[in-house]
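First the structure, which I've put down as structure tokens, then a few questions once you've had a look.
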Amino acid sequence: MKKKIMAVIMSVVMAGATLAGCGSSAGSASKDAGTSDSAAKETLKVGTNAAFPPFEFVGDDGQPDGFDMALIKAIGEKIGMDVQINDMEFDSLVSSIGGKIDVAIAGMTVTEERQKTVDFSDSYYEAVQAVIVPKGAAFASAADLENKKIGVQLGTTGEFIADEIEGAEVSAYNKAVDAVNDLNNGRVDCVIVDKNPAEVFGAQFSDKVDVLPGTTFDFEPEFYAIALPKGNTELADKINTALKELKEDGTYDSLVKKYIEE
Ligand code: ARG
């Protein structure tokens, strides 16, 4: 059973963006009506959900910060566009592309289901789900997730995995940290969430929880990519070229050091 779920999620790195056909470049970019120094630049409207550290969180100044935010701003510089960040519910990002936002960067895993609606850039990060449990709780394999109350973030791959677990009672929250709070209150038995945020929450509540690695549960690797309007190969090419350059010139590595490994 587990295999089947993972096959759906896995759909893998692939430079997704290539799909031909359907040529409309739905909402690729909008003219910036703004300030004089950026009058010539177009604005890239970027959606995220800033409740997913270290990839995105609300910084001390109240603005979205994190690895993804720094990465998309660096991409904006490369492609000569002003980046405007919109913090929204994770679950509404995909359907907002081509409307309220042009692209989304949100630690978003490439899945076949999402590819029906959007294209993806080349993958920029490999991730995996992890499980947060009360300190000392005995979870030793995938079978230990069966018949449990599981907290997840709404519309995430963690939720898709939990939904397939035998006998699981799944509670979906708008923010992953709310699931962790309910774990601490005893309302759920465990939380399934991506590894890096799991580690941040684990450190935040280190007296209360343990973070167990995906390998314990045979979770498969996932690949984060930027979600793009379907069929807009011009924007996809620009973003992929920028990504490649940022990897080559060391910017990508320095962002990994700054946000993920520190
Ligand atoms: N990687 C998971 C997914 O794509 C979770 C992403 C959640 N991201 C966020 N910014 N809240 O479904």
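First listed ligand is number 1; within each ligand, the first listed atom is number 1. The analysis underlying the following values was restricted to heavy atoms, covering all of them including side chains, and did not include hydrogens, waters or symmetry mates.
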Practice task
Pull out every atom of ligand 1 sitting under 4.0 Å from any heavy atom of D194, numbered as shown with elements.
Solution key: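 That gives atoms 1 (N), 2 (C), 5 (C) of ligand 1.
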Handout entry: Plane angle bin for Y125 and F67 - parallel if under 30°, tilted between 30 and 60°, otherwise perpendicular
Key =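 Tilted, since the angle between the ring planes falls between 30° and 60°.
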Handout entry: Polar proximity ligand 1 side, Q153 side, N/O cut 3.5 Å exclusive
Key =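 The answer is yes, given that Q153 and ligand 1 share an N or O pair closer than 3.5 Å.
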Handout entry: Min N/O separation T156 to ligand 1 under 3.5 Å
Key =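 No; the residue has no nitrogen or oxygen that sits under 3.5 Å from a nitrogen or oxygen of the ligand.
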Handout entry: Part of Y224 with heavy atoms under 4.0 Å of ligand 1, whether side chain, backbone, both or neither
Key =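 The part of Y224 near ligand 1 is the side chain, not the backbone.
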Exercise for the section: Identify, for atom 8 (N) of ligand 1, the protein heavy atom at the shortest distance, and state residue, atom and that distance. Expected result: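 Going by distance alone, atom 8 (N) of ligand 1 is nearest to A106 O, 2.8 Å.
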Problem - Residue selection (non-hydrogen contact nearest atom 6 (C) of ligand 1) among A176, A104, A51, G107 - result: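 Among A176, A104, A51, G107, the closest heavy atom to atom 6 (C) of ligand 1 comes from G107.
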Handout entry: Atoms in ligand 1 with a heavy atom of N49 nearer than 4.0 Å
Key =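 Taking each heavy atom of N49 in turn, ligand 1 has 9 (C), 10 (N), 11 (N) under 4.0 Å.
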Practice task
Report the C-alpha distance between K244 and E248 in whole Å, list the side-chain angles of each, state the deciding distance to 0.1 Å, and finish with yes or no for salt bridge (Lys or Arg N to Asp or Glu O under 4.0 Å).
Solution key: CA-CA 6 Å; K244 195 161 160 265; E248 283 164 4; 3.7 Å; yes
Handout entry: Test item: side-chain donor near acceptor, N181 and Y173, under 3.5 Å
Key =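 Y173 and N181 do not have a side-chain donor-acceptor pair below 3.5 Å.
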Handout entry: Check ion pair D182-R187 (N to O, under 4.0 angstrom)
Key =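 Here D182 pairs with R187 in a salt bridge, since their nearest N and O are under 4.0 Å apart.
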Handout entry: ligand 1 versus R114: contacting region, heavy-atom distance under 4.0 Å
Key =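 The side chain, only.
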Practice task
Please confirm whether F55 and Y224 have ring centers closer than 6.0 angstrom.
Solution key: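 Ring centres of Y224 and F55 closer than 6.0 Å.
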Problem - salt bridge (Lys or Arg N to Asp or Glu O under 4.0 Å) evaluation trace for K148 with E169 - result: CA-CA 6 Å; K148 291 288 195 308; E169 194 183 305; over 6 Å; no
Exercise for the section: Would you mind finding which of T157, D68, V110 brings a heavy atom closest to atom 2 (C) of ligand 1? Expected result: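 The nearest heavy atom belongs to T157.
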Problem - Side-chain (T216) to main-chain (L212) donor-acceptor, under 3.5 angstrom - result: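 Not a single qualifying donor-acceptor pair exists.
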